[in-house]
Chemist: 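First the structure, then my questions, so here it is.
Residues: numbered from 1 along the sequence shown.
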Amino acid sequence: MGACLALCSIASCASCLCGSAPCLLCGCCPSSNNSTITRLVFSLFLLMGTVVSVIMILPGMETQLRKIPGFCEGGASIPGIDNVANCDVLVGYKSVYRMCFAMTCFFFLFFAIMFGVRNSKDPRAAIQNGFWFFKFLILVGITVGAFFIPDGTFHTVWFYFGVVGSFIFIVIQLILLIDFAHSWNKVWVGNAENGDNKCWFAGLLSFTFLHYALAFTAVVLFYVYYTQPDDCTEHKVFISLNLIFCIIISIVSILPKIQEAQPHSGLLQASLISLYTMYVTWSAMTNNPNRKCNPSLLSLVSNVSTTETPTDGTPEQVQWWDAQGIVGLVIFLFCTLYASIRSSSNTQVNKLMQTEEGGGSGGEGVVGEDGILRAVDNEEEGVTYSYSFFHFHLCLASLYIMMTLTNWYQPDTSTQAMQSSMPAVWVKMSSSWLGLGLYLWTLIAPLMFPDRDFS
């Protein structure tokens, strides 16, 4: 009896994965709007690719694969069976580049296909909201093909694609954080005003103070550990400039004219943006190839000097996992999930992210003619988000994951090593400045264009 129930459950989920109608609520999909479910499933594809990339780059993975008899070239063998797998490509930075290349191609394909879809009556909307099993097969097929790409200049060229894509994605992350902070502040202030409960104001004040305290602490630590009295001029400029910019946006956010035009703007948003800016600054400085200006976190904790560089010509040992990479993954996961479920009333952010004003949850689903509960199709009159822009966002996220997992190291084809590079530093700093500029624009735009709706 149990086996029959299990088979029925698998069959219903299979129909959910293969169907071209709105995603079925068959235990593998929650009750929600069709648009929300679609974005969550595509984000799940991205998350699965990220997990595979993380596994491939784990320390010692190649050693373990070589222990499998008859698998890796040069590894343990079985008499009469040729080892055919190139484990040098299956693991390490090469595998991450290929996996993320496959995800980028997959999402770019859907970006091109879904361009110009206006509502769910468009035949392409059925492809967007269904056929999940076949989409998964396409992703697997592209991934398998990516591992057959010859080394050559692939990694060097794809590195620069990753740099450009990650630059844009960092800016999008900042936009999403601005939107999140705006919604957070609006909801808590509304709860405090409507419920006459001052605890909400206390919560806002506490988080604002916490964000500024962390940001200020970061600045002090940056000056102590990432600068030298006679060196690291770039770091001193980066830290000082971003500190000044964060002070400027904090002051501007509470000016009377700004408060009059945007009652929900305040220090909570500015504090969160300041904290994120300090993270990007830290992330940029950790890519400086000058070890005197870029001590590893391990050396700071254990008080071991890392300023010496190898003198025998051997490439420096690559440290794949560090604190800024882990923090970057956490922020990436948050922003990806938020982009999938966001329902914002911020007009400026909606225009930037190509989404419509949030309309709430989607009810309890609709029972189809086959008696199975389906998600609510909330896009018959018009799409609630730009299909193509959403896939473009995931395309950029794939590139950002590639750069984050490889610590933004640049492949050196002559030594087959990975090296830190100053272009990565400048890309991150430029993205932080552009993000701060966008936030400042959201503050002053209503004053400069009073006839437009920026609510």
Chemist: Determine whether N288 and Y226 make a side-chain contact, defined as any pair of heavy atoms from C-beta on separated by less than 4.5 Å.
Modeler: no
Chemist: Taking all non-hydrogen atoms of both residues, which atom of L174 and which atom of S432 are closest, and how far apart?
Modeler: CD2-O, 4.5 Å
Chemist: Quick check on the 6.0 Å ring-centre criterion: do F108 and F111 meet it?
Modeler: yes
Chemist: For the pair K135 (side chain) and Q128 (backbone), establish whether a donor and an acceptor sit closer than 3.5 Å, ignoring hydrogens and angles.
Modeler: yes
Chemist: CZ of F136: more than 12 outside heavy atoms within 6.0 angstrom?
Modeler: no
Chemist: Heavy-atom count around Y223 OH within 6.0 Å, excluding the residue itself: above 12?
Modeler: yes
Chemist: Between K257 and L447 (side chain of the first, backbone of the second, donor and acceptor by atom type, cut-off under 3.5 Å), is there such a pair?
Modeler: no
Chemist: Identify which one of L272, L267, L275 satisfies the side-chain contact (heavy atoms from CB on, under 4.5 Å) criterion when paired with Y212.
Modeler: L267
Chemist: Is it the case that the ring center of F110 lies less than 6.0 angstrom away from the ring center of F106?
Modeler: yes
Chemist: Taking atom types as modelled, find out whether N242 and T277 have a side-chain donor-acceptor pair closer than 3.5 angstrom.
Modeler: no
Chemist: Take atom CZ in F115; do more than 12 heavy atoms of anything else shown fall under 6.0 Å from it?
Modeler: no
Chemist: If you round to the nearest 0.5 Å, how far is OG1 of T442 from CD1 of I249?
Modeler: 9.0 Å
Chemist: Can you classify the ring geometry of Y279 versus W282 as parallel (below 30°), tilted (30 to 60°) or perpendicular (above 60°)?
Modeler: perpendicular
Chemist: State whether the number of non-hydrogen atoms from other residues, nucleotides or ligands found under 6.0 Å of W426 atom CH2 is greater than 12.
Modeler: no
Chemist: Sequence neighbours left out, what passes ring pair (Phe, Tyr, Trp, His ring centres under 6.0 Å) with F161? Give chain and number order.
Modeler: W158
Chemist: Do Q228 side-chain atoms and T233 backbone N/O form a donor-acceptor pair below 3.5 Å?
Modeler: no
Chemist: Inspect the surroundings of CZ in F207 and state if more than 12 heavy atoms from other residues, nucleotides or ligands are less than 6.0 Å away.
Modeler: no
Chemist: Should the pair F42 and F390 be assigned to parallel (<30°), tilted (30 to 60°) or perpendicular (>60°) ring geometry?
Modeler: perpendicular
